[in-house]
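Only one structure is covered here, and it is reproduced in the block below.
Order of the sequence lines sets the chain letters (A, B, ...), proteins ahead of strands, with each chain counted from 1.
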2 protein chains.
Amino acid sequence: MIDVARRANVALSTVSYAINGTRAISAPTRRRIQKAMEELGYEPNAIARGLVSKRTRIIALLFPTPERGMGVTEMEFVTGAAEAALERDHHLVLWPTELRNLRQLDRLTGQGLVDGAVVMEVRLDDERVDLLRQAGLPFSMIGRTSEPGSINYADIDFEQGARDAVAHLTALGHRSIGFLNHSPSAFTVGYGPTVRAADGFRRAAMDAGVEHFERLCGDNVAAGRAAFHELRAMALNLTALVVMNDHAIVGVMDALDEIGWRVPDDFSLVSIGSSTRVSEMMRPRLTTLEPQSSELGRLGVHMLIDELEFRGAEPPAPTQVLLPCRLVEGRSSGPVRQH
Amino acid sequence: MIDVARRANVALSTVSYAINGTRAISAPTRRRIQKAMEELGYEPNAIARGLVSKRTRIIALLFPTPERGMGVTEMEFVTGAAEAALERDHHLVLWPTELRNLRQLDRLTGQGLVDGAVVMEVRLDDERVDLLRQAGLPFSMIGRTSEPGSINYADIDFEQGARDAVAHLTALGHRSIGFLNHSPSAFTVGYGPTVRAADGFRRAAMDAGVEHFERLCGDNVAAGRAAFHELRAMALNLTALVVMNDHAIVGVMDALDEIGWRVPDDFSLVSIGSSTRVSEMMRPRLTTLEPQSSELGRLGVHMLIDELEFRGAEPPAPTQVLLPCRLVEGRSSGPVRQH
DNA sequence: ATGTGCGTTCGAAGCGTTTCGACGAAACGC
DNA sequence: GCGTTTCGTCGAAACGCTTCGAACGCACAT
């Protein structure tokens with residue numbers, strides 16, 4: 001920076017003002033500085049900048065490391081967030097913190113490396129959120145707690161998604177619809193999508209006046225297969241299933257094969273939350289309510305940076321967004337079978 | 001840090017030495033400092049540390065943003081890398097740089113934020129690698145260029161994977177085997193796995209003395225379906241296919257349905273590079289040569305940090321690792337059909 | 001000529017660490 | 001009992017920037 005200043009015949013501080021736009025700089029001076037920077041290939045040192053300005057322009061992405069690893073949806077959160085961060089001239093660091101290990105998270109925030117955080121896979125009651133709030137670190141959420149207050153969040157509207165799924169099926173004439181949810185453990189830890197999708201399904205089915213059945217189901221093929229057989233035994237008129245469980249749905253299709261039912265002729269399936277990349281791999285291609293995952297990741301980052309940049313001024317109104325799922329019709333849903 | 005020093009009755013610098021182990025500190029003094037740090041909940045400021053020590057303990061993960069987005073395999077690289085970084089007390093930032101946009105990468109490295117980089121999805125001839133080398137930034141690769149020289153890398157051994165796939169099929173009695181590769185564009189840009197798997201397949205088939213056919217194939221269902229029909233028309237005895245293309249393989253199965261062939265009774269399929277999470281979603285569950293993606297991400301980070309920590313001492317021998325794929329038998333491969 | 005105000009620019013003081021050279025005290029050999 | 005080494009500690013100087021208060025020149029009004 002000294003070299004740039006010397007070359008442009010100005011003081012060190014003038015270069016700084018020119019870079020940050022903190023004070024007015026006359027056009028000729030600015031030009032000289034620009035030129036000097038380019039000629040020297042100068043790039044301001046992010047660390048030194050961060051040290052004095054208290055703005056590191058680094059934000060953290062908090063994601064839990066679940067047993068089963070992450071799917072396509074989560075990957076899209078991450079890439080979306082990373083792209084958005086870069087566009088807004090920020091860096092995104094990954095903090096894969098186990099949920100129980102709050103101590104680690106505490107240490108990480110204490111290091112003063114990041115200006116804020118985006119929290120992924122938020123639970124209805126999430127300790128990480130409490131910790132961040134206490135630490136005074138600005139953050140936004142992908143997902144939301146049961147009491148989000150004035151915290152910025154962007155979430156998938158799984159409740160509406162479930163309603164849309166039911167609407168899609170009732171429009172096709174189905175009058176007895178089941179719902180296969182995530183695992184019981186997801187439900188008990190208060191994983192929002194699990195809870196809210198179930199609500200949406202129930203209401204939509206009641207509003208439509210159709211027979212409906214719900215079931216939690218382990219996140220694996222065998223559980224899906226078993227769940228289907230059970231559901232069918234208790235719901236004799238069942239003609240369609242809404243499934244929010246990418247693994248279980250495979251088991252369901254296996255079970256359908258076993259009893260010789262064809263999809264969608266004899267039975268319809270609608271998946272909630274599968275990305276097209278996954279639903280395209282199924283045969284038949286699944287009808288799915290696809291979440292806008294990448295967009296969600298982007299939003300989370302933008303909300304956070306908006307907040308960071310407004311610091312000092314009066315806080316802007318919290319941004320709280322529910323993104324609808326997009327209905328992508330595959331070949332797994334069709335008109336109800338006529339007996 | 002001043003508070004800690006005051007509380008422990010030592011000089012500022014003594015606290016620093018105690019934290020970093022840079023100089024010997026007597027046991028009682030160290031204890032006093034430890035205690036003071038805990039009582040005050042003190043955590044050293046990562047930014048200030050980085051500024052003076054020239055070691056930010058931040059490393060970058062470079063991944064291209066391809067059109068089709070990333071799959072499960074890539075996600076596992078990322079999470080593996082993030083976990084490994086955290087374990088070794090480093091931060092991982094995501095740099096999703098478009099391949100053509102080298103300018104951006106140049107700027108990013110110029111900021112002096114990161115100590116080194118892990119490059120994902122390396123091509124046989126990769127401009128990013130040249131740029132990093134010129135910038136003097138230490139880095140390791142997941143994948144490898146055609147001339148890796150003394151650069152650390154960890155790569156999936158797709159060549160061996162292809163051989164294993166052929167071995168698996170010949171052991172089942174197959175004597176006419178096809179290979180469905182990635183898209184022509186992947187081949188022309190010199191994407192390593194595409195090129196090397198083809199080599200491995202060809203050699204293994206020749207060594208085993210079996211009839212073999214190869215084909216590039218667009219990364220989508222329709223292309224896979226078309227490719228199968230074409231392949232079958234020119235290879236009348238074909239009884240099995242090795243596929244390194246998660247999307248195309250779905251099309252192949254559709255095509256098999258169309259001609260009434262069942263998997264694996266009438267025709268065998270082996271996938272290369274599909275993670276179990278994907279192959280479990282296929283029906284029948286695919287036999288796959290699963291890459292150890294998470295391990296690869298971890299390795300990339302460890303290699304880089306090893307190198308960073310050795311700076312100054314003579315450079316350690318380059319670590320260059322090929323990780324074998326793991327054969328996971330599904331239900332898509334079986335004994336050759338007897339006519 | 002002298003004062004007033006504005007738009008620009010300057011010098012210097014930090015930001016929270018690491019690290020260098022130096023120093024006091026205890027331990028050693030003779 | 002005197003140099004000499006070793007161990008543990010200290011004060012102060014960076015690291016590369018931002019930002020504060022002050023000062024400069026210039027046009028304008030007085």
Without placing hydrogens or testing angles, list every side-chain donor-acceptor pair under 3.5 Å for residues 115-123 of chain A, not counting sequence neighbours.
unit_1: A/Asp115; atom_1: OD1; unit_2: A/Thr56; atom_2: N; d: 3.0
unit_1: A/Asp115; atom_1: OD1; unit_2: A/Thr56; atom_2: OG1; d: 3.2
unit_1: A/Asp115; atom_1: OD2; unit_2: A/Arg55; atom_2: NH1; d: 2.3
unit_1: A/Asp115; atom_1: OD2; unit_2: A/Thr56; atom_2: N; d: 3.0
unit_1: A/Asp115; atom_1: OD2; unit_2: A/Arg57; atom_2: N; d: 2.7

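- On the nucleic acid side, DNA chain D has its first and last nucleotide under 4.0 Å of a heavy atom of chain A at D/dG16 to D/dA22, going 5' to 3'.
- Sequence neighbours left out, the pairs with a member in residues 103-113 of chain A that pass side-chain hydrogen bond (donor to acceptor under 3.5 Å, both in side chains) are A/Gln111-B/His91.
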Reading nucleotides 7-16 of chain C from the 5' end, what letters show protein touch, with B for base, S for backbone sugar-phosphate only, - for no heavy atom under 4.0 Å? -SBBB--BBB
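- Considering only residues two or more places apart in sequence or on other chains, A/Ser16 meets the side chain to side chain donor-acceptor pair (under 3.5 Å) condition with A/Asn20.
- In this structure, the salt bridge (charged side-chain N to carboxylate O under 4.0 Å, His left out) partners of B/Arg6, at least two apart in sequence or on a different chain, are B/Asp3.
- Applying the side chain to side chain donor-acceptor pair (under 3.5 Å) rule to A/Arg7 yields the partners A/Glu39; only residues at least two apart in sequence or on another chain are considered.
- The side-chain hydrogen bond (donor to acceptor under 3.5 Å, both in side chains) pairs that include a residue from residues 125-136 of chain B are B/Asp126-B/Arg128, where partners are two or more places apart or lie in different chains.
- Here A/Arg88 pairs with A/Glu309 in a salt bridge; the nearest charged N to carboxylate O distance falls below 4.0 Å.
- Not counting sequence neighbours, A/Ser13 has no partner by the side chain to side chain donor-acceptor pair (under 3.5 Å) test.
- For the helix from C/dA1-D/dT30 to C/dC30-D/dG1, the angle separating the two terminal helix axes comes to 50°, with each axis derived from five pairs and the value rounded to 10°.
- Evaluation of the side chain to side chain contact (heavy atoms under 4.5 Å, CB included) rule for A/Pro318 yields A/Ser150, A/Asn152, A/Gln320 as partners, not counting sequence neighbours.
- B/Asp157 is linked by a side chain to side chain donor-acceptor pair (under 3.5 Å) to nothing, counting only residues two or more places apart in sequence or in another chain.
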